[in-house]
Amino acid sequence: MALMKHPVGRLRILGILEGISYLLLLFIAMPLKYMADISEAVLITGATHGFLFILFVFAVINVFFSKKWTVRWAIGAVIASLLPFGTFVLDRQLRKHSAE
C-alpha cells in the first residue's frame, strides 16, 4: 500500500482505524455492556481501541518530527482523536499532504 510508505499516509490509515474503533466502542460495545450486560464487548473493543490510539499518537509524533509541523498541529491531532468522528475530519485535512 503506497500510503504506508509516507509518515502522513501512515497517520491517515491509523487515524481511520482508530476512529472506527472509537465509534465501535462508543456506539456498539458500550451499549452492549450497559443495556445487554455483555461486558466482553467493551473488553475486546476497548483493548483494540487503546492499542490503535497508542499507535496513532506515535504516528502523530512521527509526522511532527519528520514534517516539522507545529506543536499546535500535533496537539490538535491528538485532540481530534478524542472526539467522535474527529479523526475523519483530520483525515480530510491530511489528504493533500499524504503524497509529500
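- Listed by first then second residue, pairs satisfying side chain to side chain donor-acceptor pair (under 3.5 Å) with a partner in residues 16-30 read S21-H49, not counting sequence neighbours.
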Table please: side-chain donor-acceptor pairs of residues 32-40 below 3.5 Å, with sequence neighbours left out.
none

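- The same ILVMFWY cluster, assembled from side-chain heavy atoms under 4.5 Å apart, contains both L24 and F27.
- Interatomic distance, I16 CD1 to I13 CD1, rounded to the nearest 0.5 Å: 9.0 Å.
- Residue pairs that meet the salt bridge (charged side-chain N to carboxylate O under 4.0 Å, His left out) test with at least one member in residues 75-94, sequence neighbours left out, are R12-D91, D91-R95.
- For the atom pair CD1 (I44) and CG (L25), the distance works out to 12.0 Å, reported to the nearest 0.5 Å.
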Tell me which donor-acceptor pairs under 3.5 Å the side chains of residues 53-66 have, and how far apart each pair is, sequence neighbours excluded?
| unit_1 | atom_1 | unit_2 | atom_2 | d |
| --- | --- | --- | --- | --- |
| S66 | OG | N62 | O | 2.9 |

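- One finds the CD1 atom of I20 at 9.5 Å from the CG atom of L52 (value rounded to the nearest 0.5 Å).
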Can I get a per-line list of side-chain donor-acceptor pairs under 3.5 Å for residues 73-84, giving both atom names and the distance, sequence neighbours left out?
| unit_1 | atom_1 | unit_2 | atom_2 | d |
| --- | --- | --- | --- | --- |
| S81 | OG | V78 | O | 2.6 |

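- Linking ILVMFWY residues whenever their side-chain heavy atoms come closer than 4.5 Å, directly or via other members, places L11 and W69 in the same cluster.
- Side chains of T45 and I28 form no contact here, defined as non-hydrogen atoms less than 4.5 Å apart.
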